[in-house]
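In this text, all values refer to a predicted model and were calculated from it rather than measured experimentally.
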Amino acid sequence: MTRVSLRVALVVAVLAVSALPASAQAPVKAVVPVSMPAWSKGIQPLTRDSYYHAIECGKQGAAQPSCVFYDAGLCKNDDFVLSFYSPYKQVAYEVWGAVSRKRPAPTPNYAAAQQTRVVIGITPVRGAKNQIANVVVKRAGKSVEPDTRTIDGTSGNFIFGFPPFAPTATITIDMVGKTRTQSCVLDRTALSRLR
């Protein structure tokens with residue numbers, strides 16, 4: 001490619017991005033940290049193995065262990081903060097809460113944790129004016145709507161089953177606001193690190 005054609009291609013790319021309407025923001029790539037204890041199975045229904053793994057995660061007791069708070073800064077954008085809640089996180093968070101207050105590690109209720117599904121919580125970024133209206137997961141060309149949604153003013157909880165989050169294919173989470181949509185892409189590696 002010549003220098004002239006490279007410049008033309010660069011100008012065309014810049015113009016294409018700047019021509020996007022405000023409602024069509026470029027997708028954000030999810031960032032999920034590698035954390036200890038290691039995990040590569042993604043979000044899934046609770047099993048005996050994942051239950052005890054979550055207890056070990058919670059016993060770390062650090063200020064914000066990445067195995068409990070793996071979703072901190074997951075999909076940074078100008079409008080919404082996205083957080084996940086899952087059976088694993090329910091168990092790990094309960095244990096972490098006690099241990100971080102210098103109390104003995106509890107034995108969380110296994111049956112109650114098994115009933116938990118995948119909850120995506122959405123809160124506004126400080127100063128953001130865009131209010132959440134819906135969350136949609138796109139996988140393999142299909143849109144998956146939440147089974148249940150609760151919107152309270154500017155925040156919302158969106159409950160899904162486990163299949164859309166299986167670490168077998170890239171997904172996009174669309175955070176549909178009243179004025180624009182923010183999208184977050186999670187590739188197979190990112191999905192495998194979710195707990």
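Linking ILVMFWY side-chain heavy atoms closer than 4.5 Å, directly or via other members, places I122 and V137 in a single hydrophobic cluster. Linking Ile, Leu, Val, Met, Phe, Trp and Tyr residues whenever their side-chain heavy atoms come within less than 4.5 Å places F165 and F162 in a single cluster. Residues Y88 and L186 are members of separate hydrophobic clusters, defined by side-chain heavy-atom contacts under 4.5 angstrom among Ile, Leu, Val, Met, Phe, Trp and Tyr. The same ILVMFWY cluster, assembled from side-chain heavy atoms under 4.5 Å apart, contains both V91 and Y52.
For K89 and Y70, the positive end sits near the middle of the six-membered ring, less than 6.0 Å away and at most 45° from its axis.
Under a 3.5 Å cut-off, the side chain of R188 and the backbone N or O of T170 do not form any donor-acceptor pair. No donor-acceptor distance shorter than 3.5 angstrom exists from the side chain of R103 to the backbone of G97, with no hydrogens or angles considered. Remark: the backbone N or O of T179 is paired with a side-chain donor or acceptor of N130 at under 3.5 angstrom. With hydrogens and angles ignored, the 3.5 Å screen pairs a side-chain donor or acceptor of H53 with a backbone N or O of A38. Formation of a donor-acceptor pair under 3.5 Å by the N109 side chain with backbone atoms of A111 is found in this model. In this structure, the side chain of N77 engages the main chain of F80 through a donor-acceptor pair within 3.5 Å. Between the side chain of W96 and the main chain of P65, no donor-acceptor pair closer than 3.5 Å is present.
Of the N and O atoms on the side chains of R195 and S35, at least one donor lies less than 3.5 Å from an acceptor on the other residue. Judged by distance alone, the side chains of S192 and T189 never bring a donor and an acceptor atom under 3.5 Å apart. In summary, the side chains of R193 and S66 do not present any donor paired with an acceptor at a separation below 3.5 Å, with no hydrogens or angles considered.
Scanning all heavy atoms of the two residues, the minimum distance from S86 to I43 falls at CB-CG2, 4.1 Å. Closest non-hydrogen pair, V99 versus G58, comes out as CB-O, 4.1 Å. Taking every heavy atom of both residues into account, V185 and P27 meet most closely at CG2-CB, 3.8 Å. The shortest heavy-atom contact between A113 and P87 is O-CB, 3.3 Å. The two atoms that bring L191 and A166 nearest to each other are CD1-O, 3.7 Å, heavy atoms only. Nearest heavy-atom pair, A98 versus P104, reported as atom, atom and distance to 0.1 Å: CB-O, 3.7 Å.
Using a 4.5 Å heavy-atom threshold, the side chains of F158 and T148 count as separate. The closest side-chain heavy-atom distance from S183 to M175 is not below 4.5 Å. A heavy-atom distance below 4.5 Å is not found between the side chains of T154 and I132. Side chains of R149 and I159 form no contact here, defined as non-hydrogen atoms less than 4.5 Å apart. Inter-residue side-chain proximity for C67 and Q60 is flagged as met; some heavy-atom pair is nearer than 4.5 Å. In this structure, I120 and N157 have side chains that are not in contact, with every pair of non-hydrogen atoms separated by 4.5 Å or more. Two residues are said to be in side-chain contact when any heavy atoms from C-beta on lie closer than 4.5 Å; F84 and L74 meet this criterion. Side-chain atoms of V144 and F160, non-hydrogen and from C-beta on, do get closer than 4.5 Å to each other.
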Item to check | Residue pair N134, E145: steps toward the side-chain hydrogen bond (donor to acceptor under 3.5 Å, both in side chains) verdict | outcome: CA-CA 9 Å; N134 196 15; E145 293 279 338; 2.9 Å; yes
Item to check | side chain to side chain contact (heavy atoms under 4.5 Å, CB included) between I171 and K138, worked out | outcome: CA-CA 6 Å; I171 67 168; K138 292 181 180 171; over 6 Å; no
Checklist entry - Can you list the steps and then say if F69 with S83 is a side chain to side chain contact (heavy atoms under 4.5 Å, CB included)? => result CA-CA 9 Å; F69 297 99; S83 60; over 6 Å; no
Item to check | Verdict with supporting geometry, T168 and R139, side chain to side chain contact (heavy atoms under 4.5 Å, CB included) | outcome: CA-CA 10 Å; T168 55; R139 181 183 184 93; 2.5 Å; yes
Item to check | Stepwise side chain to side chain contact (heavy atoms under 4.5 Å, CB included) check, K76 with L82 | outcome: CA-CA 8 Å; K76 287 186 180 181; L82 179 146; over 6 Å; no
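Atoms OG and CG, from S143 and D174 in turn, are 7.5 Å apart once rounded to the nearest 0.5 Å. The distance from the CD atom of Q182 to the CG atom of D79 is 4.5 Å, given to the nearest 0.5 Å. One distance of note links CD1 of I55 with OG1 of T107; it measures 6.0 Å at 0.5 Å rounding. For the atom pair CD1 (I173) and OG1 (T181), the distance works out to 13.5 Å, reported to the nearest 0.5 Å.
The only member of T116, V95, V119 that meets side-chain contact (heavy atoms from CB on, under 4.5 Å) when paired with Q90 is T116.
Not a single salt bridge (Lys or Arg N to Asp or Glu O under 4.0 Å) links K129 to another residue, sequence neighbours left out.
Among pairs with a residue in residues 106-143, those fulfilling ring pair (Phe, Tyr, Trp, His ring centres under 6.0 Å) read Y51-Y110, at least two apart in sequence or across chains.
No more than 12 heavy-atom neighbours from other residues, nucleotides or ligands sit within 6.0 angstrom of OH on Y93.
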